[in-house]
Amino acid sequence: MPAAYVYPTLDDEPLVHITASHNNRASDNNTTISNKPGTSTTAMDPSITAATTQRRKEILIAEDDKEEIELDSLSNTKDSSNNTDHDTPTNQPETLRKEDLGNFILLVILYLLQGVPVGLSFGSIPFLLKEKLSYSQIAVFSLSSWPYSLKFLWSPIVDAVYSPNVGRRKSWIIPIQIMTGFLFLLLGKNIDALMEAEHVPVYYLTGAFLVTIFFCATQDIAVDGWALTLLSKDSLSYASTAQTIGLNTGYFMSFTVFLALSSPEFSNKYIWSEPQEYGIVRLGAYMKFWAFMYFAVTAWLMLMKKENSSQTDEDQLGIRGVYTTIWKICKLPHLRSFIVVLLTAKIGFICHEAVTSLKLLEKGFSKEDLALSVLLDFPLQIFFGYYAAKWSNGPRPLKPWLWGFYGRLLFSAIGMLVVYFYPSGEDIGFFYFSVIMGSTVLSSFMSTVQFVSISAFMTSIADPLIGGTYMTLLNTFSNFGGTWPKFFVLESVDYFTKATCSIRDTNGLEFSCVGDTGGPQCKELGGNCVIIKDGYYTAGIICVVTGFILLFGYIRPIIYHLEGLSKRAWKISR
């Protein structure tokens with residue numbers, strides 16, 4: 001979770017319903033738009049900019065690094081009528097037609113398969129590795145999540161290259177899911193031993209999960225595009241509902257549920273009648289199960305599901321046309337300022353969201369309490385997220401975003417205090433557990449306010465004629481703004497930490513037990529790592545101070561300026 005101490009990754013939004021207004025759907029044949037062939041989400045399809053993006057959507061928003069997923073799904077909500085600045089929304093409720101129910105369920109399953117490895121890479125694996133890896137090594141593993149933030153780079157290729165005999169989307173979905181299944185099967189046979197090894201092969205695990213997340217990102221591009229033709233026009237708004245249900249469910253199962261059930265402490269405390277060495281589910285068995293699920297779903301797609309072939313206007317533009325359009329968008333002067341905001345806005349709270357939960361574990365916060373915290377926080381996110389969405393629905397969408405910024409900076413500072421005053425070696429009791437839960441929920445609430453607000457603003461400024469490409473590009477920069485600082489922050493924690501081993505080395509000299517070699521060497525000698533200066537506080541203070549300076553010195557003035565611009569200022573020349 002973002003602001004929460006429980007989730008370390010996706011970026012940070014609790015689950016919440018967001019309803020976007022829409023205009024009546026334009027006729028497929030009569031709408032004049034700029035067509036594009038590829039996209040990292042369904043939004044980049046021209047059919048979206050013409051017909052699909054003008055719909056009311058309910059979107060569930062999930063937390064932490066999950067913002068990458070959630071922002072991606074929001075790119076389907078752009079209003080793409082070719083009116084000017086003052087489009088008049090017409091509320092026209094849509095319902096899922098009975099004949100679309102089967103395809104809706106299929107979309108949920110495909111997105112769920114995508115969320116499973118994402119939950120492992122973004123959530124569970126860093127927690128499971130914390131006891132054996134330094135923060136620098138966890139920083140290396142965090143690189144495995146980058147493909148999900150950068151998928152727009154190859155999305156036009158996925159959309160344009162396919163076999164007509166297999167189907168536009170199945171040409172990618174089938175081989176990608178087969179390869180993911182084999183990769184999960186291979187990892188499932190070895191990962192328990194790798195995770196329990198004295199020296200965890202962090203580079204091997206990073207490479208394996210980087211490939212897995214690359215597969216997931218590519219599958220997401222194809223499934224997003226297929227959703228446009230799988231569902232009828234009357235049910236098309238449910239494509240994003242299927243996406244958020246599937247992704248959030250997969251992520252929740254692989255992070256929240258798996259973390260609880262794999263924990264021997266949680267299982268012994270709440271489930272087993274007699275203490276056991278392992279939890280109910282081990283990582284290897286979990287990955288093997290999902291490998292066979294990948295194979296089963298893929299076999300059904302190959303044998304039972306036929307993809308309707310359809311030619312769209314996007315075929316006329318080609319891959320080069322999409323990249324040209326992206327470049328035109330990036331050259332807009334006001335957009336460049338907004339991009340800088342998106343890439344720097346999360347620096348202030350990235351240490352809190354990436355490290356605080358790990359520090360609590362290091363201080364002695366038990367894994368069973370951690371798992372219980374996650375399970376308790378999940379429904380609270382939905383409750384508070386609903387009201388966050390209502391508050392963010394106003395004439396100035398970025399005003400709540402600024403208030404959320406203040407809140408996230410505040411809770412980043414509070415997070416350091418929570419860690420500093422943690423009663424190490426003692427039972428924290430109900431009071432301190434309540435403090436952790438309270439700061440977690442409130443921090444998540446601020447994250448949701450920011451996410452809803454910035455998404456509403458991006459939807460309002462995107463050029464209607466290229467809304468899909470526009471939204472995808474903005475979402476990518478926003479996602480990457482929460483991804484790129486994480487590596488450097490995790491590295492800086494070890495860099496600023498000073499600690500020595502309680503036992504001298506073979507030469508009788510004191511040595512540092514920080515980093516990839518010092519920690520394992522100290523354990524081999526049977527010593528304890530005595531922290532003299534904890535780099536977490538230094539890195540956290542630098543992040544909060546940097547965020548404060550950026551907010552008042554650059555971001556807030558720019559936000560006020562951008563809010564006052566006419567929508568015409570955001571349109572590209574034709």
Side-chain angles (χ1 to χ4, degrees), residues 1-18 59-71 74 341-342 344-357 360 373-374 376-394 396-419 434-458 478-479 481-482 485-486 489 540 543-552 555-556 559:
M1 277 177 327
Y5 309 132
V6 181
Y7 295 149
T9 34
L10 276 174
D11 176 21
D12 14 33
E13 322 312 333
L15 298 173
V16 54
H17 289 286
I18 303 175
I59 298 178
L60 284 173
I61 302 172
E63 280 253 347
D64 209 32
D65 288 304
K66 278 198 298 193
E67 186 175 280
E68 301 177 7
I69 299 176
E70 295 121 22
L71 282 173
L74 264 186
V341 170
L342 295 177
T344 59
K346 296 169 186 173
I347 293 177
F349 16 90
I350 199 66
C351 181
H352 169 62
E353 295 168 1
V355 185
T356 298
S357 56
L360 285 172
S373 299
V374 177
L376 290 176
D377 185 63
F378 184 74
L380 291 175
Q381 289 180 41
I382 301 175
F383 177 78
F384 285 104
Y386 171 77
Y387 289 99
K390 293 187 66 175
W391 181 47
S392 300
N393 187 19
R396 287 187 55 200
L398 289 181
K399 182 178 180 180
W401 185 83
L402 285 174
W403 281 104
F405 202 118
Y406 304 144
R408 290 177 84 173
L409 282 179
L410 173 64
F411 282 103
S412 294
I414 291 176
M416 287 186 283
L417 294 177
V418 170
V419 173
S434 300
V435 170
I436 293 176
M437 282 299 302
S439 57
T440 291
V441 171
L442 291 175
S443 184
S444 298
F445 176 79
M446 295 299 175
S447 301
T448 302
V449 169
Q450 275 207 299
F451 174 71
V452 174
S453 177
I454 201 72
S455 300
F457 179 72
M458 290 191 297
S478 183
N479 293 339
K486 189 173 299 180
V489 167
C543 285
V544 171
V545 172
T546 302
F548 185 86
I549 294 173
L550 283 172
L551 174 61
F552 291 98
I555 293 177
R556 192 171 72 163
I559 290 299

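Numbers for residues simply follow the sequence, beginning at 1. All heavy atoms count here, side chains included; hydrogens, waters and symmetry mates do not.
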Side chain to side chain contact (heavy atoms under 4.5 Å, CB included) partners for Ser434, two or more places apart: Phe430
Donor-acceptor contact below 3.5 Å, side chain Lys346 vs main chain Asn479: no
Basic-acidic side-chain contact under 4.0 Å: Arg408, Glu353: yes
Residue pair Trp401, Ile555: steps toward the side-chain contact (heavy atoms from CB on, under 4.5 Å) verdict: CA-CA 11 Å; Trp401 185 83; Ile555 293 177; 3.7 Å; yes
Atom of Ser412, atom of Val544 and distance for their closest heavy-atom approach: CB-CG2, 3.8 Å
Euclidean distance, Thr546 OG1 relative to Ile350 CD1, rounded to 0.5 Å: 13.0 Å
Least distance between heavy atoms, Leu550 atom then Ile347 atom: CD1-CD1, 4.2 Å
Gap separating the OH atom of Tyr406 from the CZ atom of Phe548, nearest 0.5 angstrom: 9.5 Å
Reference residue Val418; test side-chain contact (heavy atoms from CB on, under 4.5 Å); the match among Thr440, Thr356, Leu360: Leu360
Closest approach of Val489 to Cys543 (non-hydrogen atoms, all atoms of both residues): CG2-SG, 3.8 Å
Residues in side chain to side chain contact (heavy atoms under 4.5 Å, CB included) contact with Leu410, at least two apart in sequence or another chain: Ile414
Proximity of Phe349 and Phe405 rings by center, below 6.0 Å: yes
Exercise: identify the closest heavy-atom pair between Arg556 and Leu402: CG-CD1, 4.1 Å
